[in-house]
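In what follows, a structure is listed as structure tokens, so that the remarks can point back to it.
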Amino acid sequence: MTASPSEPRARCEPYDLAVVGAGSAGLAGAVTAAELGLAVALLDTSAQTGGQFYRHPAPALGAVRPEALHHDWSAYSDLRRRLAASDVTHLAGHHVWSAVREDDGTWTVHAVTGADGTSERPARIRARALLLATGAYERQLPFPGWTLPGVVGAGGAQAMLKSGLVLPGRRIVVAGSGPLLLAVASSLAAAGAQVPAVVEAAGYLRYARSPRVLLANPAKAAEALLHGTALLRHRVPVRLRSAVTEVHGTDRVEAVTVSRLDADWRPVPGTARRIACDALAVGHGLVPQIELATTLGCATRRLPDGTLGLALDDLQETSEPGLWAAGETGGVGGAGLARTEGELAARAIAARLLGRRAGHGRIAGLRRRRDRMRAFADVMSAAHAPGAGWQDWLSDDTDVCRCEEVGAGRIREAVAELGARDARTVKLLTRAGMGWCQGRMCGTAVACLAARGGTAEPPAERRPFAVPVRLSTLASLDEDAADPGPEAS
């Protein structure tokens, strides 16, 4: 059942399990746990389930075939059907900003409600166990002109198409690194956009170094072939070992410069070519969204592409007992892996709460499947890891932190002349990363510039609040503690 953020509902606390995130991992975890007899609350920021991967138009848009823009839609349809048939309390429009372990071992999850989290109504859910399935966000590497209107994230372009049935432009270059680019380009071309090029900074030869992993994951090869065939059909060229190193235009994008890259992602002199376009969809992979977990002290592991994911045991439990995670929080690996990890975590949680063993039958099969797909995820992560030479794209006046308008020159000055040696010190000296996005857009770039060509430390991702929250909401916590009445949590 779905509870609207503006409508009261009966208090059913503590739940056995609170799941944060209604994408592939969260949905699989919630419905599996409910089918095993647990009382489950499912919280998500969106009004609809599906997360970023299965983002789809609102019913008011009247889309006849929303599944046409999705791969493996039947898996989502099955999860949605199981959710509708379950007793899961689906709390849509809930932006979780904090979770706290209480003295009795239960968890209290705090959220704010509304389309953008600015509703005056705070929310509070208590549960015996917590499953985080918060997904990931796009990694962006800056370059001259990237703040021009018409430059959007690759995932953002796909979201515009899937949820709003609109295109960011008519002639769209797709650039960056990672397999998402192929999916985005094929979707845009199928929707009628002209895609003059897909510009991939990495190559695909690194996949060939792990033949056993590739053979064990034939579905991934089939998916790549599907997108590749679509690009051939629409005559979209793919430029490997290349990058958009500059965007041109006055009021919006008019063209981009594409340069060949060396093995370390440095532009090769004399290879720059200009491509006319009115939009650029760009992204350099995904970053696990782990702020909630790291604030609670969960251990992390460095992923092959330099980002941080949660360190999880064989049953998806974090280093904090009673707190599990699934999906992209442990490393980006796709919807199939997310569903497997969500179900595995749910079965482990049910076994723990119901006093059963969790090592045989279905769980053992899920673990084998998870390990197989996680191995491919690590190969993919390594294949598309950015080279340090991308910093040569930046002129001193290129904005790195868009929110605070901090240019690359100011950051370089903080490092070379003021002694900054890490991203935190750069932030204190320049305000880079102090804006609304809290470093999600610029964190990787600032860390790389602070490392001065060495190995960059991934942003710590440890913040007191996972999303912005009003002071009035914080003040209301004391009132809630004093009056735990039967109103909606």
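Model, not experiment: these values are computed from the prediction. Just the heavy atoms: all of them, side chains too, but no hydrogens, waters or symmetry mates, feed the values below.
- Relative ring orientation between Tyr54 and Tyr76 is described as parallel, the plane-to-plane angle staying below 30° on a 0-90° scale split at 30° and 60°.
- Without hydrogens or angle criteria, Thr307 side chain to Leu303 main chain gives no donor-acceptor distance under 3.5 Å.
- Within the 4.5 Å cutoff, the side chain of Leu231 has heavy atoms near those of the Val238 side chain.
- Trp146 contributes a side-chain N or O that, together with a main-chain N or O of Asp399, makes up a donor-acceptor pair within less than 3.5 Å.
- Side-chain contact check for Leu141 versus Trp265: some heavy-atom pair is nearer than 4.5 Å.
- Of the possible polar contacts, none joining the Trp107 side chain to the Leu323 backbone as a donor-acceptor pair under 3.5 Å is found.
- Between Arg82 and Asp78 there is a salt bridge, since at least one side-chain N of the basic residue sits less than 4.0 Å from a carboxylate O of the acidic one.
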Stepwise side chain to side chain donor-acceptor pair (under 3.5 Å) check, Asp422 with Thr425: CA-CA 6 Å; Asp422 55 41; Thr425 306; 2.7 Å; yes

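- A donor-acceptor pair under 3.5 Å is formed between the side chain of Arg370 and the backbone N or O of Asp314.
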Criterion side-chain contact (heavy atoms from CB on, under 4.5 Å) on Lys427 and Arg424, from CA distance to verdict: CA-CA 5 Å; Lys427 177 192 291 187; Arg424 177 176 174 79; 5.6 Å; no

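- By the side chain to side chain contact (heavy atoms under 4.5 Å, CB included) test, Tyr204 is found to be paired with Leu182, Glu200, Tyr207, Leu240, His384, residues two or more places apart in sequence or in another chain being considered.
- Under the side-chain hydrogen bond (donor to acceptor under 3.5 Å, both in side chains) criterion, no residue pair touches residues 231-240, with sequence neighbours excluded.
- Proximity of a side-chain donor or acceptor of Gln438 to a complementary backbone N or O of Gly435 within less than 3.5 Å is detected.
- For residues 335-346, every residue pair satisfying the salt bridge (Lys or Arg N to Asp or Glu O under 4.0 Å) rule, not counting sequence neighbours, is listed here: Asp72-Arg339, Glu341-Arg374, Glu343-Arg347, Glu343-Arg362.
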